[in-house]
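Right, one structure below, let's go through it.
Scope of the values below: all heavy atoms of this structure, side chains included, with no hydrogens, waters or symmetry mates.
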Amino acid sequence: MKKTREYYMNLALKLALKGKGKTSPNPLVGALVVKNNRIVGRGFHGQAGLSHAEVIALDEAQDLAEGATLYVTLEPCCHFGRTPPCVARVIKSGVKEVIVGMVDPNPLNNGKGIEILKQNKIKVKVGFLEDKLKRLNEVFIKYITRKTPFITVKVAESLDGRIATRTGDSKWITSDKSRGFAHRLRADFDAIMVGVNTVLRDNPKLDVWFSKRHPVKIVVDSQLSTPEKANIFSGSNPVIIATLATRLGQETENRVILGRKAKILEIKEKAGQVNLKDLMKKLAGVGITSILVEGGGMLIGSLFDEGLIDKIMFFISPKIIGGKDAISSVMGQGIARIERAAKLKNMSLRRFGEDFLIEGYIK
């Protein structure tokens, strides 16, 4: 097999994936040092505050980096953050060429790192596997350019779009395989979000029992009606309750109690409810880059109404629940005309036992 630049960049991409779910708010990055068609250094970014991928790869290569080619999935940084600029380390290493998968969308860098390398007589080639790399860092790209979290909605529903019966029973619509996969998804996100009705009806823990990572639990609760003994407060995950700013001057007993268990986040009002756009701005402000929304139908529908959803993951079970009072997966205000319906792009279909997972991005 001929080892092309795309071949090495694909290996660097696979290295980058080893940091999945661990690097927030930083991007996933992988790097290789190649000399005489032999890999002499490998690295990936494993956690914010730790060394970047290219530094790790160059440290492994040591003196062999002299005259070698560095492959890196994302443009090396040229600014001080939690770590020094990577371009200085690249220049010092003596590499003759740097192959960059994609330009860094961070305004602090965004081509500046590439220019510095060129000014120091290092050959730079840019643009390899860009579509894959943009998908790899879709969360980082949105967060760093738009200052708002990447929002994924996960739903477990019946064939007729119900997430619970008319009595509120919802255990279990989908199969064990679907639920196991859906649970593991949580570790990839900074936060898990539900509406207060889901807390009142299902009393979920929203934990990630298999992982050392502890995503923030977020409850959208305009009336501060979350029970003080709700399962949401179990475990070590921090909890945020988003409520109306106009209510925070009222030192009610429930607010004082909940304030001891969670961070109460003040949000602007919209039609008597939490303003979801304001909420997302404030969550981004505290460093939350990605959110997995797990219900309920009113919250999900409202997020669709506001155009805030980036991606959906709908697990569909071959069951029909029926009933006009059964709870739908997407409620909210909805649309008036079919031509305004949310449409999916880059859609995929997978099977989990008897269920199907429809996954796609909102156009």
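- For Glu66, the side-chain hydrogen bond (donor to acceptor under 3.5 Å, both in side chains) criterion is met by no residue, not counting sequence neighbours.
- Residues passing the side-chain hydrogen bond (donor to acceptor under 3.5 Å, both in side chains) test with Arg201, sequence neighbours excluded: none.
- Nearest approach of Thr243 to Leu224, heavy atoms of both residues: OG1-CG, 3.5 Å.
- Ionic pairing of Arg350 and Glu359 is present here: one or more N-O contacts between side-chain nitrogen and carboxylate oxygen are shorter than 4.0 angstrom.
- Under 3.5 Å, the side chains of Ser24 and Asp190 contain a donor-acceptor pair of N or O atoms.
- Salt bridge annotation for Glu115-Lys112: absent, with no cationic side-chain nitrogen under 4.0 angstrom from a carboxylate oxygen.
- Around atom NZ of Lys121, no more than 12 heavy atoms belonging to other residues, nucleotides or ligands sit under 6.0 Å away.
- Counted within 6.0 Å of NZ on Lys35, heavy atoms from surrounding residues, nucleotides or ligands total more than 12; the atom is thus considered enclosed.
- Between Asp278 and Lys270 there is no salt bridge, since no side-chain nitrogen of the basic residue lies less than 4.0 Å from a carboxylate oxygen of the acidic one.
- Between the side chain of Glu269 and the main chain of Leu244, no donor-acceptor pair closer than 3.5 Å is present.
- With Ser222 contributing its side chain and Val274 its backbone, the two residues share no donor-acceptor pair below 3.5 Å.
- Across all their heavy atoms, Leu258 and Thr226 have their closest contact at CD2-O, 3.5 Å.
- Using a 30° and 60° split on the angle between ring planes, Tyr8 and Tyr71 fall in the tilted class, from 30° to 60°.
- Ile144 has its side chain within reach of Pro107: a pair of non-hydrogen atoms, C-beta onward, lies under 4.5 Å apart.
- Shown are Thr152, Asn346, Leu344; of these, the side chain to side chain contact (heavy atoms under 4.5 Å, CB included) with Lys311 is made only by Thr152.
- Residues Glu157 and Ile163 are in side-chain contact: their nearest non-hydrogen atoms beyond the backbone lie under 4.5 Å apart.
- Side-chain N or O atoms of Tyr143 include one that pairs as donor or acceptor with a backbone N or O of Ala284 at under 3.5 Å.
- Ile300 places none of its side-chain heavy atoms less than 4.5 Å from the side chain of Ser329.
- In plain terms, the two heavy atoms of Lys20 and Leu28 that are nearest each other are N-CD2, 3.5 Å.
- Looking at heavy atoms from C-beta onward, Pro105 lies in side-chain contact with Leu74 at the 4.5 angstrom threshold.
- In this structure, Arg260 contributes its side chain and Ala262 its backbone to no donor-acceptor pair below 3.5 Å.
- Salt-bridge formation is detected for the pair Asp176/Arg179: a Lys NZ or Arg NE/NH1/NH2 atom is positioned less than 4.0 Å from an Asp or Glu carboxylate oxygen.
- Side-chain contact check for Val208 versus Pro215: some heavy-atom pair is nearer than 4.5 Å.
- A salt bridge links Arg186 to Glu294: one of the charged nitrogens lies within less than 4.0 Å of a carboxylate oxygen.
- In Glu130, the CD atom is crowded: over 12 heavy atoms of neighbouring residues, nucleotides or ligands sit closer than 6.0 Å.
- Dense packing is recorded around NZ of Lys319, with more than 12 heavy atoms of other residues, nucleotides or ligands lying under 6.0 Å away.
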For this session: Check step by step if side-chain contact (heavy atoms from CB on, under 4.5 Å) holds for Asp310 and Val139.
Result: CA-CA 10 Å; Asp310 297 291; Val139 168; over 6 Å; no

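- No more than 12 heavy atoms of other residues, nucleotides or ligands shown are found within 6.0 angstrom of NZ on Lys268.
- Using a 4.0 Å cut-off between a side-chain N of Lys or Arg and a carboxylate O of Asp or Glu, Glu6 and Lys132 do not qualify as a salt bridge.
- Cluster partners of Trp172 are absent, since no Ile, Leu, Val, Met, Phe, Trp or Tyr has side-chain heavy atoms less than 4.5 Å from it.
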Problem set entry | side-chain contact (heavy atoms from CB on, under 4.5 Å) between Leu17 and Leu13, worked out | CA-CA 7 Å; Leu17 282 168; Leu13 187 156; 4.0 Å; yes

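- When all heavy atoms are compared, the tightest approach of Phe352 to Ser178 is CB-OG, 3.5 Å.
- Defined by atom type and a distance below 3.5 Å, a donor-acceptor pair is missing between the side-chain atoms of Thr167 and Asp169.
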For this session: Please assess Thr69 against Lys123 for the test side-chain contact (heavy atoms from CB on, under 4.5 Å), listing each intermediate value before the final yes or no.
Result: CA-CA 9 Å; Thr69 297; Lys123 295 179 181 178; over 6 Å; no

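- A 4.5 Å side-chain heavy-atom check between Val87 and Asn120 finds every atom pair outside the cut-off.
- Between His52 and His45, the angle of the ring planes goes over 60°, which puts this pair in the perpendicular group of the 30/60° scheme.
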For this session: Begin with the C-alpha distance, continue with both residues' side-chain angles, and end with the deciding distance and a verdict on side-chain contact (heavy atoms from CB on, under 4.5 Å) for Lys177 and Asp355.
Result: CA-CA 9 Å; Lys177 286 186 177 180; Asp355 305 328; over 6 Å; no

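- Checked by atom type, the side-chain pair Arg162/Ser328 shows a donor-acceptor distance below 3.5 Å.
- Scanning all heavy atoms of the two residues, the minimum distance from Ile321 to Ala326 falls at CG2-CB, 4.2 Å.
- Phe140 has its side chain within reach of Asp104: a pair of non-hydrogen atoms, C-beta onward, lies under 4.5 Å apart.
- With contacts defined as side-chain heavy-atom distances shorter than 4.5 Å, the pair Lys263/Val239 does not qualify.
- Of all the heavy atoms in Val199 and Ala230, the pair that sits closest is CG1-CB, 3.9 Å.
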